[in-house]
A.B. asks: 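One structure is given below, represented as structure tokens, and several questions about it will come after.
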Amino acid sequence: MRKDTAAVHVGVAQDTAFNSVTTPIYPSSTFAFDRVGETRGYDYTRSGNPTRTALEQNLAALEGGTFARATCTGMAAVSTALFLLSAGDHVIAGNDIYGGSYRLFESVMPRFGLTFSFVDMRDETEVRAAIRSETRMLWIETPSNPLLNVVDIAAMVAIAREHGLITVADNTFLSPYFQRPLDLGVDLVLHSTTKYLNGHSDVVGGVLITSRDDIGQEISHLVNSMGLANSPFDAWLVLRGVKTLGPRMRAHERNAAAVARFLKGHPKSLRTYYPGLADHPDHELAKRQQTGFGGMVSFDLDVDAINPDEFFSRLRVFILAESLGGVESLVEQPWTMSHAGMSEEARRAAGISPGTMRLSVGIEDPEDLLHDLAGALG
Ligand SMILES: *Cc1c(COP(=O)(O)O)cnc(C)c1O
């Protein structure tokens, strides 16, 4: 099945009792045994649940994987991936990854003996230089957050293979609709399903997807042991949301492209970040590696000309809020919001300033979005 068809159908219609066209929600925490040692595939919802399985089958198909586990949040998926490692292991990650991942890597995981190096992943020499004998994992997030730098996934996979490292790709920003890292040789893909996969800003969730049996089995063990599974109701909501992934992603991209062109030509936007712009430094790579440029646009507001608070208060359609990937357009200031967990030095090193604005461009009428930005910029 092609992706628009798979999103609508895979895993969905499995009801043998009444031939329901959509997936039933099974909220039951426990399932009866027919006799000792004999179940109908499920015994306890932390370990497995039919509604969650439906979602996992759907998302595995969309990413081109053979195994998926849906988790209670995106950070639960990130945590699970790290628990594939053991004390003493070292991880190399980009220096501009999601703020919550950075916080976990920086402030929690070192207590369990993991160490991290944060590098500019667009620079292969820097990545190679960071590899040590204890290095076990390469953590890829592309396009990056919030500046939309693009990492060459195939190049990272090649380096990882030379050194026997596990590659993990956080594919939240593009969704499998626009990028499929497993096809490029990545071992494990994860998402915050909170974002584009659900797409309606009414769930937090995550997912891990792989085609490697060994990694899949270990992830199943970890999610069950640590108790990180997605609730049946939330899984059902994500399965409902994902059916419209294609139409939504196409609308996000159309609007993001219009917003990026507008901002690029606006005197109060000092710099516009969107991989779809021909002058974006990674434009050619993005064209080759992705099947679309996505719905995220960032820009540097000229804070000498307009105060960020004034800009936010004049917006009528864009909502000042964290998160991304929902149908509604959001704006946020990484400096004080999504990336506040990073030290000032780390934020500066990643190219984030107080004027940096991140837009999650929604699926509204693009004319209303441009009009809103024009009005707020003055
Ligand atoms: C939101 C996000 C996460 C974390 O997901 P939650 O659902 O908020 O826990 C991880 N990675 C990226 C890129 C994200 O945008």
Side-chain angles (χ1 to χ4, degrees), residues 55 59 63 68-83 91 93-109 116 118 121 137 139-151 153 168-179 181 186 188-209 223 226-231 234-235 237-238 241-242 249 252 256 273 275 290 294-298 321-326 330-334 337-342 350 352 356 358-362:
L55 173 65
L59 297 181
E63 276 291 358
R69 271 293 169 276
T71 54
C72 52
T73 62
M75 287 315 301
V78 171
S79 303
T80 303
L82 290 178
F83 274 95
V91 181
N95 63 5
D96 51 0
I97 56 171
Y98 175 66
S101 301
Y102 182 82
R103 179 175 53 206
L104 177 75
F105 295 3
E106 253 276 307
S107 71
V108 180
M109 297 315 295
F116 296 83
F118 299 97
M121 280 228 166
M137 184 177 276
W139 192 276
I140 303 165
E141 186 181 321
T142 179
S144 75
N145 187 1
L147 295 182
L148 304 162
N149 297 319
V150 181
V151 173
I153 298 175
V168 180
D170 182 335
N171 201 26
T172 301
F173 261 43
L174 286 176
S175 88
Y177 193 77
F178 285 143
Q179 178 167 277
V186 164
L188 177 63
V189 168
L190 62 88
H191 288 270
S192 167
T193 57
T194 311
K195 315 296 168 52
Y196 288 106
L197 288 171
N198 179 57
H200 293 75
S201 308
D202 50 12
V203 162
V204 288
V207 69
L208 298 132
I209 303 161
V223 170
M226 298 196 291
L228 299 178
N230 205 198
S231 86
D234 288 351
L237 278 171
V238 177
V242 82
M249 292 313 289
H252 283 297
Y273 306 87
Q290 307 169 191
M296 300 300 295
V297 179
S298 294
E322 296 197 15
S323 198
L324 59 108
L330 305 179
V331 57
E332 68 109 7
Q333 184 183 29
M337 296 170 67
S338 60
H339 289 64
M342 289 167 79
I352 303 165
T356 307
R358 190 186 78 184
L359 305 176
S360 172
V361 183

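Counting starts at 1 for both ligands and their atoms, in listed order.
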A.B. asks: Once you round to the nearest 0.5 Å, how far does CG of Leu324 lie from CG of Leu359?
C.D. replies: 11.5 Å

A.B. asks: Checking Glu332 now: which residues fulfil salt bridge (Lys or Arg N to Asp or Glu O under 4.0 Å) with it, not counting sequence neighbours?
C.D. replies: Arg358

A.B. asks: Any side-chain heavy atom of Gln290 sitting closer than 4.5 Å to one from Val150?
C.D. replies: yes

A.B. asks: With a 4.5 Å cut-off on side-chain heavy atoms, are Ile352 and Pro146 touching?
C.D. replies: yes

A.B. asks: Tell me if a side-chain donor or acceptor on Asn145 pairs with a main-chain N or O of Gly99 at a distance below 3.5 Å.
C.D. replies: no

A.B. asks: Does the plane of the ring in Tyr102 sit parallel, tilted or perpendicular to the ring in Phe118? Use 30° and 60° as the thresholds.
C.D. replies: tilted

A.B. asks: As a test of reading the model: which N/O atoms of the protein lie under 3.5 Å from N/O atoms of ligand 1, and at what distance?
C.D. replies:
unit_1	atom_1	unit_2	atom_2	d
ligand 1	5 (O)	Ser192	OG	3.0
ligand 1	7 (O)	Gly74	N	2.9
ligand 1	7 (O)	Ser192	OG	2.8
ligand 1	7 (O)	Thr194	OG1	2.6
ligand 1	9 (O)	Gly74	N	3.1
ligand 1	9 (O)	Met75	N	2.8
ligand 1	11 (N)	Asp170	OD2	2.7
ligand 1	15 (O)	Lys195	NZ	2.8

